[in-house]
2 protein chains.
Amino acid sequence: MTDINLKGTGSVRPAEQPTRSGEPLWDIIELLFYAYRDFVGDADDVLKEFGFGRAHHRVIHFVHRYPGLKVADLLDVLRITKQSLGRVLKQLIDEGYIVQRAGESDKRQRLLFATPKGEALVAKLAGLQTDRITAALKGLDPAGADTVRRFLRAMIDHDDPDKVLQIVLGGARSGPRDTTR
Amino acid sequence: MTDINLKGTGSVRPAEQPTRSGEPLWDIIELLFYAYRDFVGDADDVLKEFGFGRAHHRVIHFVHRYPGLKVADLLDVLRITKQSLGRVLKQLIDEGYIVQRAGESDKRQRLLFATPKGEALVAKLAGLQTDRITAALKGLDPAGADTVRRFLRAMIDHDDPDKVLQIVLGGARSGPRDTTR
DNA sequence: AAATTATGTCAACATGACTGACATAAATTT
DNA sequence: AAATTTATGTCAGTCATGTTGACATAATTT
């Protein structure tokens, strides 16, 4: 019971570690934890006033950014089940943040669009997050923002069929719907 | 939720402009979303095999990294209630990943330590995440890793009383409790 | 006509948050 | 010494958001 090992970082090495070379990057792991916690925390406070949670934020964000998104696309992005999405999406539609429209070529599809009300909410949330990012980039050298973008891109799995992710990774720097594919 | 009230207090940069100007940095916002999703996704798969979730990961990670952590410290780090922590912590203790020991000077305190079993799990999870980070850093110029660290640090609220965060931000680059070196 | 696809919905359940109330032992203050 | 505060644990109920499985409907494709 009292096996304590106060200093233990290196002693545990299972024999069958295949391609593990470097020491754990503890500091970056923890910086990512804290940075993301505070990054989403900005939005949480505002969302609470609206009676929404993070799930609503993710939905309205991507719908706003990629107008005409299909429900199926959204499921790929968020990696949740349609039942889970359904509840949140229904609330956003009922309260007038999102509207649906049947697809023209395929009338089964429900294309999603943010209303002005929805856009205002997204803008408010994105503004907070942008302020934080801008402040963080300010302390870096001129190439810093580019380095950060490159790092984040490389952290993402590229073998994902998600259409929105392909646009994000595709290189569009500030606009959605870059049809270069 | 443990609201920390960081709205009015000084931002990361003293005497600089009060932000609120630039266009939303959509791409970085979305890159952060995807990067963090995949970053924690690595661990999720392993955790599932152990019958654990992300909550367990966060607890065992910080206990391993900061041996002798008090329950109260952990609550500050994770920003959850003691009831919430209690359930997860109890499982980790019952299954032999963490042990408790009463504090010497203050016997009310339950100091937490990872067992070898707990250390092995943390090492496995940190290995996966480190592999991803290492791969992402590989494509950057030599100063890239430093830029990334600086960016992440600046993304974090600095007016947090969390003792662990103070250590993380304090500058220890690769080990916990470096004060004894 | 039959099969497939896109979406929606009902029902039950799991996890990990939450609030509020109360219990205990140890430390601190009066 | 007694009273209070602190660190922790626990019971009970609720909420948000995820899950699986089954089934329904309309539109498209075969």
Side-chain angles (χ1 to χ4, degrees), chain A residues 37 40-41 43-45 47-61 63 68-95 98-113 161 163, chain B residues 1-4 37 40-41 43-45 47-61 63 68-95 98-113 161 163:
Chain A
R37 184 189 71 171
V40 298
D44 285 345
D45 300 336
L47 288 161
K48 197 164 187 178
E49 298 167 15
F50 287 74
F52 292 145
R54 279 183 203 175
H56 301 85
H57 186 189
R58 294 193 287 260
V59 171
I60 186 69
H61 173 95
V63 168
L69 208 60
K70 291 185 298 178
V71 168
D73 296 333
L74 208 38
L75 291 176
D76 285 342
V77 175
L78 304 181
R79 289 193 184 163
I80 58 175
T81 57
K82 61 179 172 178
Q83 295 88 337
S84 221
L85 173 59
R87 243 174 324 184
V88 171
L89 186 54
K90 190 173 188 305
Q91 283 180 267
L92 288 167
I93 291 169
D94 288 348
E95 300 184 33
I98 288 178
V99 288
Q100 288 181 323
R101 230 175 43 198
E104 293 197 0
S105 56
D106 187 336
K107 288 177 184 168
R108 293 170 305 179
Q109 295 174 347
R110 305 299 171 89
L111 309 186
L112 304 171
F113 300 87
K163 275 155 60 184
Chain B
M1 202 206 299
T2 350
D3 272 83
I4 299 224
R37 184 190 70 170
V40 299
D44 285 345
D45 301 335
L47 288 162
K48 197 163 189 178
E49 298 167 15
F50 286 76
F52 292 145
R54 276 183 207 177
H56 301 86
H57 186 188
R58 294 193 287 261
V59 171
I60 187 69
H61 173 96
V63 168
L69 209 60
K70 291 185 297 177
V71 168
D73 295 333
L74 207 38
L75 292 176
D76 285 341
V77 174
L78 305 180
R79 289 190 185 166
I80 58 176
T81 57
K82 60 179 173 178
Q83 295 89 336
S84 231
L85 173 60
R87 242 172 326 166
V88 172
L89 186 54
K90 190 174 187 305
Q91 283 180 268
L92 288 167
I93 291 169
D94 288 349
E95 299 184 34
I98 287 178
V99 289
Q100 289 180 323
R101 226 176 47 195
E104 293 196 3
S105 56
D106 187 336
K107 288 177 184 167
R108 293 170 304 179
Q109 296 174 348
R110 305 298 171 91
L111 309 186
L112 304 171
F113 301 87
K163 275 156 60 185

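Protein chains get the first letters and strands the later ones, always in sequence-line order, with residue 1 at the start of each. Computed from heavy atoms alone, side chains included, the values below leave out hydrogens, waters and symmetry copies. Computed from a prediction, not measured in an experiment: that's the story for all the values here.
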task = Output, in order, the C-alpha distance, side-chain angles, deciding distance and verdict of side-chain contact (heavy atoms from CB on, under 4.5 Å) for B:Ile98 and B:Val59.
result = CA-CA 9 Å; B:Ile98 287 178; B:Val59 171; 3.9 Å; yes

query = Under the side-chain contact (heavy atoms from CB on, under 4.5 Å) criterion, do B:Gln100 and B:Ile93 qualify, and how do the steps go?
reply = CA-CA 8 Å; B:Gln100 289 180 323; B:Ile93 291 169; 3.6 Å; yes

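The CG-P distance, from A:Leu47 to C:dA17, rounds to 18 Å in whole Å. C:dA6 atom P lies 14 Å from atom CG of A:Leu69, rounded to whole Å. If you measure from atom CZ of A:Arg54 to atom C1' of D:dG18, you get 14 Å, rounded to the nearest angstrom. Between the P atom of D:dG18 and the CD atom of A:Gln91 lies a distance of 11 Å, rounded to the nearest Å. One interatomic measurement links the two molecules: CG of B:Leu75 to C1' of C:dA17, which rounds to 13 Å at whole-angstrom precision. The CD1-P distance, from A:Ile80 to D:dA16, rounds to 16 Å in whole Å. Protein atom CZ of A:Arg101 is 17 Å distant from nucleotide atom C1' of C:dA6, rounded to whole Å. B:Phe50 places its CZ atom 17 Å from the P atom of C:dT15, with the value rounded to the nearest Å.
Between B:Asp106 and B:Arg108, the shortest heavy-atom distance links the atoms OD2-NH2, 2.8 Å. The two residues A:Lys107 and A:Ala102 make their nearest non-hydrogen contact at O-CB, 3.9 Å.
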Under 3.5 Å, which N/O atoms of the protein pair with N/O atoms of nucleotides 13-15 of chain D?
none

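Taking CG of A:Asp44 as the start and CZ of A:Arg54 as the end, the distance is 4.0 Å to the nearest 0.5 Å.
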task = Assign a letter to each nucleotide of nucleotides 4-12 of chain D from its 5' end: B, base within under 4.0 Å of a protein heavy atom; S, sugar-phosphate only; -, no contact.
result = --BSBBBB-

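Using a 4.5 Å heavy-atom threshold, the side chains of B:Leu112 and B:Lys70 count as separate. Two residues are said to be in side-chain contact when any heavy atoms from C-beta on lie closer than 4.5 Å; B:Leu74 and B:Val71 fail this criterion. When side chains are defined from C-beta on, B:His56 does not count as touching B:Phe50, because their heavy atoms never get closer than 4.5 Å.
Distances shorter than 4.0 Å separate some side-chain N or O of B:Thr81 from OP1 or OP2 on C:dC18.
Of the two residues near DNA chain D, A:Gly53 and A:Glu104, the one whose nearest nucleotide lies more 5' is A:Gly53.
A:Arg37 places a side-chain N or O within donor-acceptor distance of the main-chain N or O of B:Val77, the cut-off being under 3.5 Å.
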